[in-house]
Participant: 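What follows is a single structure, and I will ask about it in a moment.
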Amino acid sequence: MKYSYYPGCTLKNKAKDLDAYARASARALGFELEEIEDWQCCGGVYPLGSDEIATKLSSVRALNEAKEKGQDLVTLCSACHHVIKRVNDDMKNVEDIRTRANNYMELDEPYAGETNVLHFLEVLRDKVGFDKLKEKVVNPLTGKKIGAYYGCLLLRPGKILGFDNPENPTIIEDFIRAIGATPVVYPYRNECCGGYISLKEKEMAKNMCDKIVDSAEGFGAEMLITACPLCMYNLNKSTEGKIPVVYFTELLAEALGVKEEVEI
Amino acid sequence: MQRIGVFVCHCGSNIAATVDVKKVVEMAAKEPGVVHAEDYQYMCSEAGQAKIAAAIKEKNLTGIVVCSCSPRMHENTFRGAAERAGLNPYMVEIANIREHCSWIHKDVEEATKKAVILARAAIAKVNLNTPLKPGESRVTKRALVIGGGIAGIQTALDIADAGYEVDIVEKTPSIGGRMSQLDKTFPTLDCSACILTPKMVEAAAHEKITIYTYSEVEKVSGFVGDFTVDIKKKARYVDANKCTGCGVCQEKCPSKKSLSEFNRGLNTRSAIYTPFAQAIPNVPVIDTEACIKMKTGKCGICSKVCQAGAVDYEQKDEIITEKYGAIVVATGFDTIKLDNYDEYAYNQSKDVITSLELERVMNAAGPTKGHLERLSDGKHPKEMVFIQCVGSRCADNRGKSYCSKICCMYTAKHAMLIRDKYPDVNVTVFYIDVRTPGKNFDEFYRRAVEDYGVNYIKGQVGKVIPQPDGKLLVQGVDLLDNKQILKEADMVVLATAIEPNPDVRKIATMLTASIDTNNFLTESHAKLRPVESPTAGVFLSGVCQGPKDIPETVAQAGAAAVKAIGLLAKDKLLTNPCTAKADELLCNGCSTCANVCPYGAISYEEKEVNDHGIRETRRIAVVNSALCQGCGACTVACPSGAMDLQGFSNRQIIAEVDAICR
Amino acid sequence: MSIETNEEFRPKIVAFCCNWCSYAGADLAGSSRLAYPADVKIIRVPCSCRVNPMFILRAFEKGADGVILCGCHPGDCHYSTGNFYARRRMTLLFSMLDYIGVENGRTRVEWVSAAEGVKFSQTMNEFVEKIHSLGKNVRLGDLRCKN
Amino acid sequence: MQELINRAKELLESGEVARVLGWKAGDLPYNPEPAYFEKAEDLKDFVYNGFCGANLSKYMIEASKLEGKTMVCLKPCDTYSFNQLIKEHRVDREKAYIVGVGCKGKLDIEKAKKLGIKGIESVSGAEMTDDCDTLTFQTIYGEKSVAYADVMLERCHVCKGKEHQVYDEIIGESKDTKDAERFAEVEKIEAMSPEEKFAYFQSELSKCIRCNACRNVCPACSCRKCVFDSTKFDSAQKANVDSFEEKMFHVIRAFHVAGRCTDCGECSRVCPQGIPLHLFNRKFIKDINEFYGEYQAGEDTDSRAPLTNYTFEDVEPSIVTERG
Amino acid sequence: MSHVNKVDQIKEISGVNPLKCMKCGKCSASCPSFNEMDIKPHQFVSYVQNGDIESLVNSKSLWKCLSCFACVERCPRDVKPGKLIDAARQLVVREKGQTYLSPDEVPELLDPETPQQLLVSAFRRYRR
């Protein structure tokens with residue numbers, strides 16, 4: 001099975017490990033991530049204004065490339081996922097945006113949201129299946145108590161992203177179970193880490209992350225996992241190394257026994 | 001050629017403000033067949049009807065057109081007026097120039113033009129009308145009440161007291177409904193069971209009432225006055241005639257892990273069970289999913305301990321077919337599922353409960369024996385938070401668009417009862433609005449605040465955050481203070497929206513009673529016929545029609561009973577004469593019409609006909625006008641046009657089409 | 001004086017409404033003052049299944065520009081099954097009209113319950129707009145005209 | 001053919017049947033016409049060959065009213081129509097002795113004429129016992145041979161198969177002559193733009209002279225009195241050229257037989273103006289198959305016809321707009 | 001630019017109908033930045049209703065909203081206050097050419113771990 005893959009800017013730089021572990025794990029699980037050509041940055045945040053077109057075009061290009069290849073488009077970074085999935089929804093359901101974006105793009109065939117956008121976790125859940133994943137685990141992380149940190153970008157708005165129940169998600173917990181560890185459910189796992197606010201309002205972001213980390217620790221988490229480089233950055237400021245924050249793909253690679261192959 | 005009179009109503013200014021009624025009169029007078037046209041302030045008034053009668057007599061009218069409000073409003077009024085003046089009531093047509101014209105258009109010229117066209121269509125139709133005579137059908141003097149809650153019980157008692165037989169069909173093992181689950185009732189704080197149980201007993205003892213519990217309506221056919229209903233009596237596996245209700249079987253049953261439906265799943269019950277101590281009938285049922293004997297064939301303890309020998313594992317479902325003249329729907333409500341509201345942590349914490357669950361917690365026969373305690377650890381709470389409007393007043397597809405109506409009052413009741421019994425417990429209520437219309441209702445709510453010190457905060461809760469120590473952090477807002485609030489609570493109670501019992505959809509379909517977008521049954525007229533369904537002979541009682549509290553439900557139950565009694569008191573009903581009729585010279589006898597008739601009203605006869613001198617025996621469709629309800633499906637199925645519908649004939653409808661497109 | 005003034009295109013639209021749901025829905029639209037263009041004229045029929053394709057073609061023949069049929073939602077028919085038959089009949093009829101080159105959208109079926117005044121009004125507004133975009137009905141009027 | 005005549009004689013003489021419904025020779029070698037034979041000696045005029053396209057099942061409506069049984073010759077495709085008539089109680093199965101006659105495709109003389117064959121004196125190669133591969137015409141200009149399939153009726157190119165659906169006995173061999181897609185022509189039209197579709201049907205229908213040949217021959221159009229002849233819809237034929245049925249006759253006719261039409265193709269065969277009328281019926285058949293599942297009218301006598309049936313999940317009429 | 005125009009502009013950009021609001025406050029109850037804001041999320045809706053766009057575009061809140069969509073997700077009336085805040089922010093960055101972030105100040109805000117995503121997002125939100 002081959003998927004089109006949109007890594008996004010951070011995964012080429014600060015979060016190379018998030019990307020590398022995902023690719024190695026994909027190989028171990030028998031699917032391939034085919035990086036689309038000449039992708040451009042998604043912009044990091046979804047342009048909310050209903051009149052914003054230009055800022056959505058980089059996503060449309062990526063989506064259209066996947067469409068032309070007839071593949072689903074897989075993303076890994078939470079922000080890219082959020083932006084691309086929402087733009088795709090616009091292209092599918094908002095006539096005005098679709099028309100105007102297509103006017104800019106001048107494609108042979110207009111793009112109308114045909115591509116299916118999947119987060120890597122969704123591939124694991126819906127395509128591979130957590131049961132199958134469990135079978136492929138060679139190095140179960142038994143006994144590890146792990147708190148899943150979702151943040152906001154993967155979950156909300158729930159209706160458009162359709163990723164999981166936005167108020168009580170389970171996909172990462174199911175993932176944690178599949179790799180043999182024990183999930184720790186804590187109520188702040190879908191609260192915002194502060195996101196881009198941490199550039200200028202460091203204190204504000206820290207306050208938010210403190211609540212998340214305290215809650216997770218309080219419920220017994222020994223480690224936090226995330227899919228988002230920005231979440232990890234913000235959370236790390238709060239934990240100050242007390243409990244580790246790692247990418248879910250790292251644990252996946254470890255469980256599948258391919259972590260050592262990966263060179264960062 | 002008909003002699004037609006046209007009567008244009010002003011409806012005060014309702015029509016006259018937007019439609020130039022004089023112009024309509026002037027234009028209508030020019031139409032073929034029209035020999036009289038006039039306008040009047042209120043045609044439906046006695047004076048207006050007198051004008052119609054006078055014109056019929058003076059001008060020898062053979063048909064009339066009233067340009068007025070919807071025929072759904074006053075068709076019967078004008079038909080009555082015509083009949084009293086000696087004109088066949090089916091020679092009356094209505095042009096709806098109010099709902100379909102003056103009320104939706106602003107421009108006088110445009111509205112007038114349209115009113116003229118609507119009048120023309122009605123005139124064109126009445127030109128082709130023929131006098132029709134209603135048939136008669138009998139009335140079965142027995143009523144069916146679907147649902148055995150307080151609404152159903154009250155309706156049944158009222159009908160039975162008037163001397164008619166009534167059957168109650170209740171899906172669960174006992175009558176009593178939601179009210180039997182309540183602890184106390186507002187605004188008087190009587191014990192719910194104390195006022196309900198006597199009514200349950202009375203219904204059970206009433207010689208005119210038959211109660212089918214653990215039973216469901218399977219099939220309904222027929223029509224007003226003559227419904228035929230199949231009732232499925234599910235197997236109880238206990239012989240009601242032998243059981244003494246001693247309860248030993250329930251004590252000895254080794255399978256005790258099923259969640260108690262009556263206690264909203266807060267505790268467990270045995271596999272053989274009566275839902276609650278005062279159940280009527282006091283005859284247990286066996287839950288086949290939980291019963292060890294049913295699942296494995298081994299066990300049989302209940303049978304062994306039953307001295308009356310009432311347990312019968314071989315019992316089968318039974319279908320009872322009965323005829324009824326009237327049907328009352330009283331299927332009630334349930335609380336909505338909270339899966340869409342996980343921000344309130346209902347699925348994550350045992351200490352977040354719905355108000356109905358709190359009723360069980362507060363009730364002496366409930367899972368905590370009436371002690372207020374946390375369901376997670378049994379500890380007595382110190383801080384309780386109530387959240388209002390959970391799933392009500394939502395426009396986002398997660399919840400219900402309507403106000404559930406009863407929550408403000410029961411929350412005040414809960415708050416008051418808790419503060420009264422446990423003065424050490426602090427109670428906070430997050431509300432959007434407090435809605436207390438009703439006799440002594442606002443006073444009741446104010447008492448909760450003023451006499452019992454309940455802390456009402458205007459604002460919603462965003463999230464309930466379970467803490468590692470088991471407490472619940474409630475993150476809400478105080479809009480008057482403009483502050484976000486983080487409140488630590490031991491228990492959170494959600495005023496969960498109510499919705500019609502999910503089974504009502506199936507029942508409505510069987511009854512062909514219409515249902516609104518929220519699954520509430522539609523009443524025939526929102527103001528003037530609130531307890532009648534648009535389907536003749538079907539009446540509505542209680543929350544199945546819309547959210548209601550107990551006094552309103554009882555009042556409506558009585559009203560539905562009166563309407564049913566009014567129907568049952570008649571010996572015969574006049575049937576709708578707008579039925580299908582086959583032209584025997586055109587009929588091919590092909591059976592296509594019978595294939596689409598939902599009432600089985602069409603049969604075939606070998607009949608000798610004289611077709612322009614050719615005498616032959618033909619297979620001809622014959623419509624039983626007592627069974628035909630006049631839908632017209634057959635008329636379109638018929639390729640030769642032999643089948644036509646009286647009152648809505650092909651030529652009549654085509655005349656309307658022509659008039660509109662002229 | 002004639003009240004027929006015809007400067008701009010004012011479409012003629014016939015709406016067949018079943019007595020139990022859609023006619024009541026139209027009444028509700030009226031009592032809720034939910035406006036829709038006066039071009040729509042309603043004909044009351046007992047059930048959507050009473051509407052013969054002949055009526056629809058007749059309307060077009062006589063100069064209608066659009067015909068819409070409204071009935072109870074499937075499953076909610078007052079006569080249990082009427083709208084199911086209407087649905088099949090109209091699906092086939094509309095498909096045939098499309099096949100012989102009549103513009104799509106001149107005919108429509110919409111299920112409107114007695115409680116859906118808003119939907120009734122919205123539907124009529126949309127339909128009138130659609131007919132405006134299609135313009136005058138020419139094709140159904142002169143199908144057999146010699147070239 | 002002789003086998004057929006012998007059997008007919010036998011049945012007539014034994015009194016088992018009171019008459020035989022078949023074809024008799026016309027004034028030309030290619031225009032036999034339906035005929036009753038009541039006496040054995042009359043059978044000398046009996047013919048059965050490739051030009052006997054007429055579907056005799058509709059004649060059985062009247063024959064059912066007569067005294068005694070009628071032996072009727074039905075080709076495989078005709079038996080669908082007969083079944084459909086049984087279903088609609090229009091013919092009496094007990095009154096019919098059905099001889100399923102062999103069929104290897106029926107001929108369209110117009111096609112031969114279009115191939116330039118004129119002055120036909122006799123035809124060979126179209127007998128029931130022939131292979132029906134080649135057809136030979138003796139004309140005043142000499143002998144001409146053509147491939148049988150080139151002069152076959154349109155309907156035979158989409159043959160429903162060689163099996164008789166209902167019969168008492170079978171005489172002669174049949175052949176499935178299907179060599180084209182049944183819905184190809186319909187699909188071609190569906191693919192046109194609305195303007196092209198309209199232009200196509202306008203030009204075809206403008207040829208119609210309302211001779212009613214299609215209606216008279218159609219086994220499904222068996223109404224005692226057609227709506228277009230009655231006052232029931234204010235649609236009776238009027239002198240006025242603008243009357244309703246002048247425009248919509250064919251649409252309504254197709255609608256009235258939708259779900260009942262067996263696609264026997266008689267309408268197109270008899271149209272003197274050569275209008276491909278079967279395209280209306282076949283469009284409905286295609287839609288019915290697509291929307292409500294495969295259905296072949298006349299395959300049985302008890303199934304529920306598509307227009308007198310429904311499911312809760314049926315497609316909405318808006319599908320017509322949505323599929324574009 | 002008149003007030004009316006700005007109100008329309010905000011409604012247009014956000015696609016929000018403020019009249020749907022029933023003033024329940026669930027947005028403010030959900031907002032993680034509530035305490036940092038001078039005009040609270042629920043007030044955004046009434047400010048737009050009342051046409052006081054000036055106060056909105058000058059508020060601190062514009063720069064405190066995280067676009068975390070908690071208010072959007074939980075609003076029972078589908079009003080989406082977060083979209084209104086964003087629309088007001090758009091007005092500022094588009095029209096006045098104002099920016100909340102100048103490239104000059106960026107270097108001092110960075111540390112070795114800062115992911116690209118953070119810069120990209122902040123630029124997108126704070127600048128045209």
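Just so you know, these numbers come straight off a predicted model, no measurement behind them. Each chain gets a letter, A, B and so on, in the order its sequence line appears, and its residues count up from 1.
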Participant: Tell me the residues of residues 93-104 of chain A whose non-hydrogen atoms fall below 4.5 Å from those of chain E, in number order.
Facilitator: none
Participant: Counting only N and O atoms by type, is there a donor-acceptor contact under 3.5 Å from the side chain of E:Glu73 to the main-chain atoms of A:Arg156?
Facilitator: no
Participant: Counting heavy-atom pairs under 4.5 Å to chain A, which of E:Ala87, E:Ser30, E:Ser33 comes out on top?
Facilitator: E:Ser33
Participant: Heavy atom to heavy atom, less than 4.5 Å: which residues from residues 201-217 of chain A reach chain E?
Facilitator: A:Glu201, A:Lys202, A:Met204, A:Met208
Participant: Using non-hydrogen atoms only, which part of A:Ala15 is less than 4.5 Å away from chain E: side chain, backbone, both, or neither?
Facilitator: neither
Participant: What residue in A:Asn236, A:Val45, A:Asn13, A:Leu11 has the most heavy-atom pairs under 4.5 Å with chain E?
Facilitator: A:Val45
Participant: So, for A:Cys192 and E:Leu66, which heavy atoms are closest and what is the spacing to 0.1 Å?
Facilitator: SG-CD1, 3.7 Å
Participant: Under a 4.5 Å heavy-atom cutoff, which of E:Leu119, E:Val120, E:Val72 has the most pairs with chain A?
Facilitator: E:Val120
Participant: Count the heavy-atom pairs under 4.5 Å between each of E:Glu36, E:Lys83, E:Glu12, E:Lys64 and chain A, then report the option with the highest count.
Facilitator: E:Lys64
Participant: Using non-hydrogen atoms and a 4.5 Å limit, figure out which bit of E:Ala70 sits close to chain A: side chain, backbone, both or neither.
Facilitator: both
Participant: I'd like to verify something: which residue of A:Gly49, A:Cys41, A:Ser50, A:Gly44 has the highest number of heavy-atom pairs under 4.5 Å with chain E?
Facilitator: A:Ser50
Participant: Which heavy atom of A:Cys152 sits nearest a heavy atom of E:Cys68, and at what distance?
Facilitator: CB-O, 3.3 Å
Participant: Are side-chain N/O atoms of E:Asp111 and A:Tyr233 paired as donor and acceptor at under 3.5 Å?
Facilitator: yes
Participant: To the nearest 0.5 Å, what is the distance between CD on E:Gln117 and OG on A:Ser78?
Facilitator: 7.5 Å
Participant: E:Trp63 vs A:Lys200, test: side chain to side chain contact (heavy atoms under 4.5 Å, CB included). Steps then yes/no.
Facilitator: CA-CA 10 Å; E:Trp63 316 108; A:Lys200 291 197 63 163; over 6 Å; no
Participant: Under 4.5 Å between any side-chain heavy atoms of E:Arg125 and A:Leu199, yes or no?
Facilitator: no
Participant: Taking every heavy-atom pair that is under 4.5 Å apart, which of A:Thr55, A:Leu155, A:Leu153 has the most such pairs with chain E?
Facilitator: A:Thr55
Participant: Should the pair A:Lys237-E:Glu113 be classified as a salt bridge under the 4.0 Å nitrogen-to-oxygen rule?
Facilitator: no
Participant: In terms of heavy-atom pairs under 4.5 Å with chain E, which of A:Cys193, A:Pro157, A:Gly195 leads?
Facilitator: A:Pro157
Participant: At a heavy-atom separation under 4.5 Å, does A:Cys77 approach chain E through its side chain, its backbone, both, or neither?
Facilitator: side chain
Participant: Please flag which part of E:Glu105 lies under 4.5 Å from any non-hydrogen atom of chain A: side chain, backbone, both or neither.
Facilitator: side chain
Participant: Could you grab the distance from atom CG of A:Asp51 to atom CD1 of E:Ile13, nearest 0.5 Å is fine?
Facilitator: 5.0 Å
Participant: Can you label the angle between the A:His82 ring and the E:Phe69 ring as parallel, tilted or perpendicular, going by 30° and 60°?
Facilitator: parallel
Participant: Measure distances from E:Lys80 to the heavy atoms of chain A and classify the residue's part below 4.5 Å as side chain, backbone, both or neither.
Facilitator: neither
Participant: Can you name the nearest heavy-atom pair linking A:Lys14 to E:Pro115, along with the distance?
Facilitator: CG-CA, 4.0 Å
Participant: Would a 4.5 Å heavy-atom cut-off, applied to side chains only, mark E:Arg124 and A:Tyr196 as touching?
Facilitator: no
